[in-house]
There are 2 protein chains.
Amino acid sequence: MTEAVSRPTLEAVAARAGVSRATVSRVVNGAGGVREPLAERVRQAVAELGYVPNQAARSLVTKRHQAVAVVIAEPETRVFADPFFALQLRGISKELTAQDNQLVLLLIEGRDDHARVARYLAGGHVDGALVFSLHLDDPLPGLIQGASVPTVFGGRPGWGAGTGRTRAQGPGVVYVDCDNRGGARAAVRHLVGLGRGRVAHITGALDQTSAVDRLDGYRDVMGEVPGGYDSRLLAESDFTPAGGERAMRELLDRCPDLDAVFAANDLTALGALRVLRERGRRVPVDVALIGFDDMLSVAEQTDPPLTTVRQDIEEMGRLMARLLLQVLSGGRAQDTPEAPAGSTAPAAPDAGLILPTKLVRRASA
Amino acid sequence: MTEAVSRPTLEAVAARAGVSRATVSRVVNGAGGVREPLAERVRQAVAELGYVPNQAARSLVTKRHQAVAVVIAEPETRVFADPFFALQLRGISKELTAQDNQLVLLLIEGRDDHARVARYLAGGHVDGALVFSLHLDDPLPGLIQGASVPTVFGGRPGWGAGTGRTRAQGPGVVYVDCDNRGGARAAVRHLVGLGRGRVAHITGALDQTSAVDRLDGYRDVMGEVPGGYDSRLLAESDFTPAGGERAMRELLDRCPDLDAVFAANDLTALGALRVLRERGRRVPVDVALIGFDDMLSVAEQTDPPLTTVRQDIEEMGRLMARLLLQVLSGGRAQDTPEAPAGSTAPAAPDAGLILPTKLVRRASA
DNA sequence: GTGAAAGCGCTAACAC
DNA sequence: GTGTTAGCGCTTTCAC
């Protein structure tokens with residue numbers, strides 16, 4: 001390993017440019033108020049010495065770290081089985097990078113990890129946090145509140161809505177989500193519009209709001225069509241292919257007359273598709289099938305290719321980061337950043353930014 | 001957003017415990033040499049005040065950051081299409097966490113990102129770096145060398161081997177890889193052992209050493225069997241399903257008599273499988289097929305399930321982190337950490353740690 | 001506009 | 001053993 005020679009300091013730059021440390025600091029931080037010839041000399045010295053500010057020293061006085069924690073709380077392997085997580089990360093990374101912030105990744109694997117992460121966040125090592133994959137019973141929100149770290153959630157947090165737990169942070173909570181309910185409605189409406197009368201739904205893991213919201217969307221539409229809603233057409237699952245298979249078998253056994261399925265996500269649809277084929281049901285002729293997510297590696301690869309509801313995952317990540325940085329720089333969360341056309345920022349009480357979804361027609365419905 | 005009240009300092013703890021700052025520091029850092037009753041009083045004060053050391057202040061004097069950068073240089077979407085990346089990350093995260101280090105994620109998307117990352121690494125913001133997905137023409141190694149940051153590579157770096165570029169860092173380079181060549185040999189031997197005489201190979205992207213090594217393994221075995229090696233049985237591809245399809249078509253057109261295929265990875269095998277089915281070749285009856293990686297979400301889900309070469313991706317990540325931390329704490333890279341049984345640490349010139357692979361038999365071969 | 005000087009919170013000599 | 005003290009490299013009043 002090469003010997004790490006000590007890097008040049010502000011002092012060194014000042015000496016070389018023949019000015020004071022204060023002046024160098026001003027130039028480096030673009031504070032202005034420095035006459036051009038001087039500034040130029042400083043820039044020159046910086047370049048010659050290859051000066052890079054010492055972030056630790058800077059943080060010590062500014063109390064800012066230019067760093068944001070990304071907390072992924074997914075003990076299960078699910079997150080790792082689909083590119084969801086990677087895409088969000090990519091969006092986040094882009095935005096943070098653009099605003100010169102670093103991304104500190106905190107993965108939560110086991111139960112004790114919660115304490116560790118909470119301690120880290122409370123330790124004031126980062127300026128803010130981006131938190132994902134919350135389940136209804138997740139202790140994280142409480143811990144985060146205790147740490148009093150500015151936070152933006154990915155996906156509408158479950159508490160405050162359902163169970164009676166820590167709902168203290170109800171209003172004031174900032175999150176970014178896609179229009180799960182609207183997307184589900186669009187999917188089911190499409191199936192109904194195709195003339196399908198017996199539309200089933202395989203839910204996601206119902207301890208996550210995305211699953212609940214998609215189920216609600218399904219109910220919205222099925223409730224409208226005469227004789228549409230039938231609880232036997234509902235099978236609870238967990239967002240996985242295996243879960244999709246199980247649920248599809250169950251549905252087929254219970255309601256052999258079903259002629260369409262709206263699956264909570266593409267992975268679930270994949271499982272359902274396998275069972276449908278196995279049982280000799282043709283898709284979409286006998287049974288029309290729609291997924292959710294538009295995970296290209298799945299939806300485009302199935303046979304037939306999957307009709308599904310697209311959400312812009314990378315954009316969600318980017319928006320989360322943008323929102324957080326905005327909060328950090330003193331902006332109110334409500335002042336939504338240039339939200340993409342079609343997204344919704346409900347007035348109150350939560351500061352949620354909802355991205356639009358879009359039905360993508362392929363061959364399965 | 002809750003007001004972030006200023007955290008208690010060493011000073012405050014010292015005052016409360018009625019000792020000096022130095023003593024508190026000793027206790028907090030487990031330096032020893034503090035009499036028990038005193039130490040206990042300090043611990044008490046720490047607990048009561050909820051004291052957490054200020055990492056910035058600490059770094060400023062120790063020049064250590066307890067942070068490691070993970071650099072993922074994959075402009076293409078490939079990394080995001082498979083769980084490889086997530087698994088490595090998980091292994092890395094576990095090890096870093098266990099040793100109380102943070103993970104700073106640096107994603108490289110475009111060409112200018114290289115400069116940014118290089119600047120960051122050179123800035124001395126992290127103690128070391130873990131670098132992935134290097135292609136032969138990647139400028140990163142050179143930049144990293146310039147930054148003189150202790151680094152461990154994921155996968156054998158390509159330079160120094162093939163092209164005449166920056167091979168300066170040849171010896172001294174530390175990396176972790178799996179036994180690509182050995183795994184490939186095992187796969188091809190298995191096919192040959194099955195009585196297949198016309199074994200084709202679909203390569204990965206040949207600007208990555210993993211692809212080259214697997215190809216070498218294939219050649220090793222085919223060179224041994226009489227009349228085995230035939231360059232027409234080789235199709236170059238890129239580790240993707242689409243690439244696998246293309247290559248499989250090409251092979252089938254060129255050598256209709258082939259009776260086995262070794263694909264460079266599972267994704268490629270997936271594409272090949274589709275084409276084989278489309279062309280009416282039964283797997284494994286007519287054509288035996290083997291992949292590489294044992295990516296469960298692929299290998300277990302295909303029809304028939306894929307025989308493949310398993311590598312322990314998470315373990316690779318964990319090992320990379322362990323190696324780096326060891327180097328950072330002054331250990332020589334050669335003193336390989338408790339390497340899992342079966343792994344190899346070549347004496348010289350590179351300090352590479354090679355993890356074993358294992359053939360996993362399923363139904364496709 | 002520019003410089004001098006006072007810390008930010010911590011560790012590590014060095015005294016005692 | 002324990003306390004005292006001198007910085008680590010930077011930003012930021014406050015004079016000039």
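Just so it is clear, the model here is predicted, and its values are computed rather than measured. Throughout, protein chains are lettered first and strands after them, A, B, ... in sequence-line order, and every chain is numbered starting at 1. As a basis for the values below, the full set of heavy atoms in this structure was taken, side chains included, without hydrogen atoms, waters or symmetry mates.
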**Item:** Contact list for DNA chain C against residues 117-128 of chain B - heavy-atom distance below 4.0 Å
**Value:** none

**Message:** Counting C-beta onward and ignoring hydrogens, is there a side-chain heavy-atom pair between B/M320 and B/Y175 closer than 4.5 Å?
**Reply:** no

**Message:** Regarding B/E109 and B/R116, does a basic nitrogen lie under 4.0 Å from an acidic carboxylate oxygen?
**Reply:** no

**Request:** Decide side chain to side chain contact (heavy atoms under 4.5 Å, CB included) for B/I72 and B/L105; before the verdict, give the C-alpha distance in whole Å, the side-chain angles of both, and the deciding distance to 0.1 Å.
**Result:** CA-CA 8 Å; B/I72 312 225; B/L105 189 66; 4.3 Å; yes

**Asked** So, B/S329 side chain and B/L325 main chain: donor-acceptor pair closer than 3.5 Å or not?
**Response** yes

**Most 5' of B/N29 and A/V19 on DNA chain C, judged by nearest nucleotide** = A/V19

**Request:** Let me know the distance between CZ of A/R64 and C1' of D/dC10, rounded to the nearest Å.
**Result:** 16 Å

**Prompt:** Atom CZ of B/R7 to atom C1' of C/dG9: distance rounded to whole Å?
**Reply:** 14 Å

**Message:** For A/A122, give me all partners under side chain to side chain contact (heavy atoms under 4.5 Å, CB included), at least two apart in sequence or on another chain.
**Reply:** A/A147

**Asked** When you measure from every atom of DNA chain C, which of residues 32-41 of chain B have a heavy atom less than 4.0 Å away?
**Response** none

**Item:** Separation of atom CD in B/Q66 from atom P in C/dC10, rounded to whole Å
**Value:** 15 Å

**Atom-pair distance (CG on B/L10; C1' on C/dC10), nearest Å** = 6 Å

**Prompt:** Would one find a side-chain N or O of A/T62 under 4.0 angstrom from OP1 or OP2 of D/dT11?
**Reply:** no

What N/O pairs connect the protein and nucleotides 4-8 of chain D at under 3.5 Å? Give each pair on its own line.
unit_1: D/dA6; atom_1: N6; unit_2: B/R21; atom_2: NH2; d: 3.2
unit_1: D/dC8; atom_1: O3'; unit_2: B/K63; atom_2: NZ; d: 3.3

**Asked** Counting only N and O atoms by type, is there a donor-acceptor contact under 3.5 Å from the side chain of A/T151 to the main-chain atoms of A/V149?
**Response** yes

**Message:** Donor-acceptor check, side chain of A/D127 to backbone of A/H65, threshold 3.5 angstrom: yes or no?
**Reply:** yes

**Asked** Can you name the residues that form a side chain to side chain contact (heavy atoms under 4.5 Å, CB included) with B/A118, not counting sequence neighbours?
**Response** B/L143

**Request:** Determine yes or no for a side-chain-to-main-chain donor-acceptor pair under 3.5 angstrom, with B/S148 supplying the side chain and B/Q145 the backbone.
**Result:** no

**Complete:** Separation of C/dG9 atom P from A/H65 atom NE2, nearest Å, is 11 Å

Name each donor-acceptor pair under 3.5 Å that joins a side chain in residues 28-35 of chain B to protein atoms two or more places apart or in another chain, with its distance.
unit_1: B/N29; atom_1: OD1; unit_2: B/R58; atom_2: NH2; d: 3.0
unit_1: B/N29; atom_1: ND2; unit_2: B/S25; atom_2: O; d: 2.8
unit_1: B/N29; atom_1: ND2; unit_2: B/S25; atom_2: OG; d: 3.3

**Short N-O contact, B/E36 and B/R43, less than 4.0 angstrom** = yes

